[in-house]
Amino acid sequence: MSQKFFNRPTLIVAKDLLGKFLVRRFPKNAYRRGQNKTRTGTDKFLTGMIMEVEAYIGPYDKASHASRGKTERTKVMFGKPGHWYVYLIYGMYYCLNIVTEKENYPAAILIRSVLVEGPASPKGGRALQRGVYGPGRVSKCFKIDKRFNEKPASIKTGLWIENGNIKINPRLIKRGKRIGVDYAGKWKNKLWRFYI
DNA sequence: CCTGGGATTTTCT
DNA sequence: GAAAATCCCAGGA
């Protein structure tokens with residue numbers, strides 16, 4: 001999706017992201033004898049349909065890291081739309097966010113769940129799809145860490161979002177309160193979580 | 001089904 | 001020094 005797609009009201013973008021595809025490219029480089037860095041392999045791709053997102057909007061949203069102002073950590077949320085904001089939570093899990101709205105307005109969308117192709121369990125099985133529920137699991141599954149922080153969503157960086165032209169029946173889109181933000185005062189009750 | 005606690009480190013006060 | 005946009009496992013009902 002273009003930067004323009006993300007330069008819109010965050011709640012609209014959040015809803016529009018449901019049914020879009022998160023795509024990760026794993027470059028396959030191989031080395032031939034006598035040559036350096038010759039590309040011989042084929043890139044691998046992993047895609048997942050986005051099933052659940054949460055919006056963090058503006059300088060006053062107490063649930064958003066940006067409510068503390070512009071810091072080394074949060075400056076990316078004040079930056080250009082269509083860039084990744086990746087942070088570590090509880091010392092163990094990375095959370096993947098895409099920055100939205102115009103520059104200098106802090107907002108981002110947390111990708112919480114995706115549906116990937118593949119067996120239901122690592123051992124096999126017949127399922128064609130597997131739900132990856134929870135931002136920590138999404139990052140683990142897509143091998144996302146802080147290297148993506150502040151990078152644009154693009155095939156060049158290896159992580160981007162594609163429009164698969166899946167039409168989501170609006171009746172299937174649900175909204176609710178955001179998870180894990182009980183400390184956020186009145187902001188905790190905002191229905192800024194969207195899921196299928 | 002539910003609840004509670006531990007892991008582990010960055011960030012800001 | 002405390003809290004954090006989480007996850008996993010154990011134990012009880």
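In what follows, chains are A, B, ... by sequence order, proteins preceding strands, each numbered from 1. Nothing here was measured: the structure is a model prediction, and the numbers come from that model.
- Atom pair A:Asp145:CG and B:dT9:C1' shows a separation of 15 Å (rounding to whole Å applied).
- For the pair A:Lys140 and A:Tyr183, both in contact range of DNA chain C, the more 5′-proximal nearest nucleotide belongs to A:Tyr183.
- You'll find a donor-acceptor pair under 3.5 Å spanning the side chain of A:His65 and the base of C:dA5, going by distance alone.
- Among the atoms of the strands shown, only primed sugar atoms or phosphate atoms (P, OP1, OP2) are found under 4.0 Å from some heavy atom of A:Lys146.
- Rounded to whole Å, the distance from CD1 on A:Ile179 to P on C:dA4 is 16 Å.
- Nucleotide C:dA5 holds its C1' atom 17 Å from the NZ atom of A:Lys190, rounded to whole Å.
- Between A:Asp61 and A:Lys190 there is no salt bridge, since none of the side-chain N atoms of the basic residue sits less than 4.0 Å from a carboxylate O of the acidic one.
- Among C:dA5, C:dC8, B:dT11, the nucleotide with an atom closest to any side-chain atom of A:Arg73 is B:dT11.
- In this entry the distance linking NZ of A:Lys62 with C1' of C:dA5 reads 15 Å, nearest Å.
- Ion pairing between a basic and an acidic side chain is recognised when a charged N comes within 4.0 Å of a carboxylate O; A:Arg25 and A:Asp43 show such pairing.
- Nucleotide B:dG4: paired with C:dC9 (Watson-Crick or G-U wobble, both distances less than 3.5 Å).
- Residues A:Leu96 and A:Ile50 share a single hydrophobic cluster, defined by chaining ILVMFWY side chains whose heavy atoms lie under 4.5 Å apart.
- For the residue pair A:Tyr56 and A:Glu54, a side-chain donor N or O sits within less than 3.5 Å of a side-chain acceptor on the partner.
- For the pair A:Arg193 and C:dA5, the criterion of a side-chain N or O lying under 4.0 Å from OP1 or OP2 is not met.
- Heavy-atom distances under 4.0 Å link DNA chain B to A:Leu88, A:Tyr90, A:Gly91, A:Met92 of residues 84-101 of chain A, given in residue order.
- Following rounding to the nearest Å, A:Asn189 (CG) and C:dA5 (C1') show an atom-to-atom distance of 16 Å.
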Full working for side-chain contact (heavy atoms from CB on, under 4.5 Å) between A:Met51 and A:Leu17: CA-CA 8 Å; A:Met51 301 289 288; A:Leu17 276 179; over 6 Å; no
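- For the pair A:Arg68 CZ and C:dA4 P, the computed distance is 8 Å after rounding to whole Å.
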Worked verdict on A:Asn7 versus A:Lys102 for side-chain hydrogen bond (donor to acceptor under 3.5 Å, both in side chains): CA-CA 5 Å; A:Asn7 189 8; A:Lys102 62 178 188 273; over 6 Å; no
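- If you check the side chains of A:Thr71 and A:Thr74, you find a donor sitting under 3.5 Å from an acceptor.
- Side-chain proximity of A:Ser64 to the nucleotides C:dA5, C:dC8, C:dC7 is greatest for C:dA5.
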